[in-house]
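Here is the structure we will look at.
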Amino acid sequence: MIYDCAIIGGGPAGLNAALVLGRAKRSVVLIDSNKPRNAVTHASHGFITRDGVTPSEFRRIAYEEVLRYPSVEHLQIEVVSVEKKESGFEVNVSSGDRILARKIILATGVKEIFPEIEGFYPLYGKSLFNCPYCDGWELRDRPLVVVSDHPSLFHLAKMIFNWSKDLVVCTNGKASLSELQRKQLESKGVVVMEQPVSAFIGQNGRLELVRFADGTEIPRYGGFVSPKLVPSAALGENLGCERTESGGIKTDEWGRSSIPGIYSAGDAANEMPSQLIFAAASGSRTAAGVNMDLTEEDFE
């Protein structure tokens, strides 16, 4: 059997793409290894009708809806490689099986690489987060910390200032703020700490103190730490897809990559901000692009 489309990745982008294509009567195989990036998150926010849903419940509801459509199949398995063939594409999975599809949607998301700071991971997803749109409301008006060595730190600090005026901004020893930016933040009462952060200290998931390399400690209730985002899978790169400056798969407005027949959706295509609702919308749009292209081919 040759599927109309193989979707690799079962996050919100891949799931919504499967939903749209299933409703378009397309034969779809959704391949996912069940390793969601937001598994540590206690709740997901900002998605209308699903505000506060746990990631596991979101996936349960989504799969229940998607698999109502008889032309959609789900395989929980690792993808090893994707190869171009005369009839389309061959997806090789870890069981040794080979799956043929006319089109491929890469919705494999990204991985987060956080700065190596002692005590971070026991607090991540409970009082330390990376997305203020997702978790800023829960930390509103509390004493917060922002840790980032990215050039976007100034923008992030200004944005989080909307949720809390009691803010400490840490560059973690890097020159990520200009002198003018530092003075602008300080003029608003924001404390700027430029020495490296050595540890986050807390109990039961709740941040209590931030410790710096010089021994200084400051009390904080929670905060945000910026990760570096890198592709979760090298499938797009291995296929020769053109990449964006930030490493995602470069696509047009309908999710088409530079390789005919290969599409990308969600965080794999650097759909930002990195939120459920943006990823799901990207999956829907990309599925429409796939369906349009299949329709044109079938009428030739």
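The shortest heavy-atom contact between S176 and T171 is OG-CB, 3.5 Å. Shortest non-hydrogen contact noted between P231 and G247 is CG-O, 3.3 Å. In plain terms, the two heavy atoms of V91 and A6 that are nearest each other are CG2-CB, 4.2 Å.
Using a 4.0 Å cut-off between charged nitrogen and carboxylate oxygen, R60 and E57 count as a salt-bridge pair. Contact check on E297 versus K103 returns a salt bridge, with a Lys/Arg side-chain nitrogen under 4.0 Å from an Asp/Glu carboxylate oxygen. At a threshold of 4.0 Å, the pair D298-R26 counts as salt-bridged, since one of the basic side-chain nitrogens sits closer than that to a carboxylate oxygen.
Of the candidates F200, F114, F129, Y124 forms a ring pair (Phe, Tyr, Trp, His ring centres under 6.0 Å) with just one, namely F114.
Judged purely by distance below 3.5 Å, without hydrogens or angles, the side chains of N92 and S81 pair a donor atom with an acceptor atom. Between N130 and E112, the side chains place a donor N or O and an acceptor N or O closer than 3.5 Å (distance only, hydrogens not considered). There is a side-chain donor-acceptor pair under 3.5 Å between Y69 and R23. Side chains of Y221 and D166: a donor-acceptor N/O pair is absent below 3.5 angstrom, by distance only.
Residues passing the side chain to side chain donor-acceptor pair (under 3.5 Å) test with S148 are S226, sequence neighbours excluded. R142 meets the side chain to side chain donor-acceptor pair (under 3.5 Å) test with no other residue; sequence neighbours excluded.
Stacking of K85 on the aromatic ring of F89 is not recorded, the 6.0 Å distance cut-off and the 45° axial limit not both being met.
Looking only at side-chain heavy atoms (C-beta outward), L21 and D4 stay at 4.5 Å or farther from each other.
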